[in-house]
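Contents: one structure, followed by commentary.
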Protein chains: 2
Amino acid sequence: MIVTIDRPLRADAARNRSSLLAAAAEEFAAHGLDASVADIARRAGIGKGTVFRHFPTKDDLLAAVVLDRIDNLAALAQRLTTATDPGAALLEFMDAAAGRQQQLDLSFLRESGEINARLRNARERLFTAIITLVTRAQEAGAIRADINGMDVILLMCAPNHVVSFVPDPPPDLWRRYLHIIFDGLRPDGAQPLPDPAP
Amino acid sequence: MIVTIDRPLRADAARNRSSLLAAAAEEFAAHGLDASVADIARRAGIGKGTVFRHFPTKDDLLAAVVLDRIDNLAALAQRLTTATDPGAALLEFMDAAAGRQQQLDLSFLRESGEINARLRNARERLFTAIITLVTRAQEAGAIRADINGMDVILLMCAPNHVVSFVPDPPPDLWRRYLHIIFDGLRPDGAQPLPDPAP
DNA sequence: GCCTAAACGGACCGCCCGGTCAACTTGTTA
DNA sequence: TAACAAGTTGACCGGGCGGTCCGTTTAGGC
């Protein structure tokens, strides 16, 4: 068992840590998981060794970036569970979720393993909040009944991915596809879905 | 200028070439662009050097695999342009397109550069066939008017990508998401899309 | 201002990858 | 069946990656 005493970070270390996280977020957004640690370090203006002092592994660094985003999303989702218009609330949530590069996050959704407890915890918060969001929207008749929290999680990431293939995407193009997908969730169509939700 | 005389391949070379292509398709499907040439060669039961004799570059090998798929898709799309029910035809096409791993293909859709002429040609055929498919479906009132051929191309790849994040996906789960997305293309919703098509 | 532990940084390591090459094997043709 | 071109192969190369290490710098309590 490893015992770590959380003494406060030295001022310069704290500064470096935050610019490192910012740089990592940008670099991962730009190059996906292939972003190199050396590039991240360069962008943050620190040495490569310093990166590994803060995060023992590239994966740990990625996890920290993702935790940040999942945390924010979970907070937003929880806030929206009390909105007056449940349909609009769900749309707003998916809009916020799709607006950022989420590919990385998704790959962490399935890791059931030994990721750090905070991440697993944040994921749990996010999941349950989304489920309430979905349930309320269904009760309000805003979306079809045979939809899942998982469906929403999966679909909200599609727009960004899809847009990533067009050469010079207008910055809001993803909204177009989110809109289409959200329309697909509406109860109008009424034909049952061919497969059960995961 | 390089002049190549197309003499017929030796029997063993032809055999190797086709098992190489099959192995490459499987390996790319399993590991994406990160599939290593060595693994592909091993799966095909040939030496790594042989791979590079048939295709001077890993990218050329990928292009050959993709060409195959694009060709098939284009043929299907052309066949469907004369179907009696244009709405069903478009759905059938998207179904066939989504049913296979298309991520690779998409990345080639945007390469305007110096990819080989056959590939560019097949892509062109695919594009125009899809556009007719979409136009006919619109004239039949099966899908909304503010949709593009490009929209269809982009969206038809989303289901597979989305499903790739669920741990042990049932083999037909992608159909669920294709269905949702296709419902989003239906004219019922009627609210105009927030952004113009690419 | 001094001292020490904390933090830093970049040279360095081993690994894996795409791609090359020259020695070897094999299909083909007369 | 002989002889040659076509094809095969795996050792090898250079480069880039994640990760390590140790000499150097620096923040902050006294």
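None of the values given here were measured: they were computed from a predicted structure. Letters A, B, ... are given to chains in the order of the sequence lines, protein chains preceding strands, and every chain is numbered from 1.
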- Starting at CG of A:L133, measure out to CE of A:M94 and round the result to the nearest 0.5 Å. 10.0 Å
Gap between atoms [atom1] and [atom2], on [X] and [N] respectively (whole Å):
{"X": "A:K58", "N": "D:dT20", "atom1": "NZ", "atom2": "C1'", "result": "17 Å"}
{"X": "B:R17", "N": "D:dA6", "atom1": "CZ", "atom2": "C1'", "result": "15 Å"}
{"X": "A:L33", "N": "D:dC17", "atom1": "CG", "atom2": "P", "result": "14 Å"}
{"X": "A:R15", "N": "C:dG9", "atom1": "CZ", "atom2": "P", "result": "11 Å"}
{"X": "B:D34", "N": "C:dG18", "atom1": "CG", "atom2": "C1'", "result": "13 Å"}
{"X": "B:I46", "N": "C:dC24", "atom1": "CD1", "atom2": "P", "result": "22 Å"}
{"X": "B:R42", "N": "C:dC16", "atom1": "CZ", "atom2": "P", "result": "11 Å"}
{"X": "A:I40", "N": "D:dG18", "atom1": "CD1", "atom2": "P", "result": "8 Å"}

- Message: Could you check whether any side-chain N or O of A:R136 sits under 3.5 Å from a backbone N or O of A:L90, counting only pairs where one atom can act as donor and the other as acceptor?
- Response: no
- Task: Without swapping roles, check the side chain of B:R17 against the backbone of B:H54 for a donor-acceptor pair under 3.5 Å.
- Result: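 Absent.
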- Message: For B:D151 versus A:R176, what's the shortest heavy-atom pair and its separation?
- Response: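 Closest approach of B:D151 to A:R176, heavy atoms only: OD2-NH2, 2.6 Å.
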- Message: Under the rule for side chain to side chain contact (heavy atoms under 4.5 Å, CB included), what residues qualify as partners of B:L76, not counting sequence neighbours?
- Response: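 B:L76: side chain to side chain contact (heavy atoms under 4.5 Å, CB included) contacts with B:R79, B:L80, B:F93, B:A96.
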- Message: Applying salt bridge (charged side-chain N to carboxylate O under 4.0 Å, His left out), can you list everything that pairs with A:D34, at least two apart in sequence or on another chain?
- Response: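 With sequence neighbours excluded, A:D34 shows a salt bridge (charged side-chain N to carboxylate O under 4.0 Å, His left out) to no residue whatsoever.
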- Message: Under the rule for salt bridge (charged side-chain N to carboxylate O under 4.0 Å, His left out), what residues qualify as partners of A:R125, not counting sequence neighbours?
- Response: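 Once residues adjacent in sequence are excluded, the partners of A:R125 under the salt bridge (charged side-chain N to carboxylate O under 4.0 Å, His left out) criterion are A:D71.
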- Message: Taking the side chain as everything from C-beta on, heavy atoms only, tell me whether A:W174 gets closer than 4.5 Å to A:D95.
- Response: yes
- Query: Do any side-chain nitrogens or oxygens of A:T57 fall under 4.0 Å of OP1 or OP2 in D:dG18?
  - Reply: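 No.
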- Task: Please determine if a side-chain N or O atom of A:N16 lies less than 4.0 Å away from the OP1 or OP2 oxygen of C:dC8.
- Result: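 Yes, A:N16 has a side-chain N/O under 4.0 Å of OP1/OP2 on C:dC8.
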- Item | Residue pairs passing the side chain to side chain donor-acceptor pair (under 3.5 Å) test where at least one lies in residues 41-53 of chain B, sequence neighbours excluded | B:E26-B:R43, B:E27-B:R43, B:D39-B:R42
- Would you mind classifying the nucleic acid contact of B:A14 as base, sugar-phosphate or nothing, using non-hydrogen atoms under 4.0 angstrom?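 No contact.
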- Give one of base, sugar-phosphate or nothing for A:A35, where a contact means two heavy atoms less than 4.0 Å apart. sugar-phosphate
- Query: Contacts to DNA chain C from residues 48-55 of chain B, heavy-atom cutoff under 4.0 Å, which residues?
  - Reply: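 Per residue number, the list reads B:K48, B:F52.
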Please list each protein N or O that sits under 3.5 Å from an N or O in nucleotides 28-30 of chain D, with the distance.
unit_1, atom_1, unit_2, atom_2, d
D:dG28, OP1, A:A11, N, 3.0

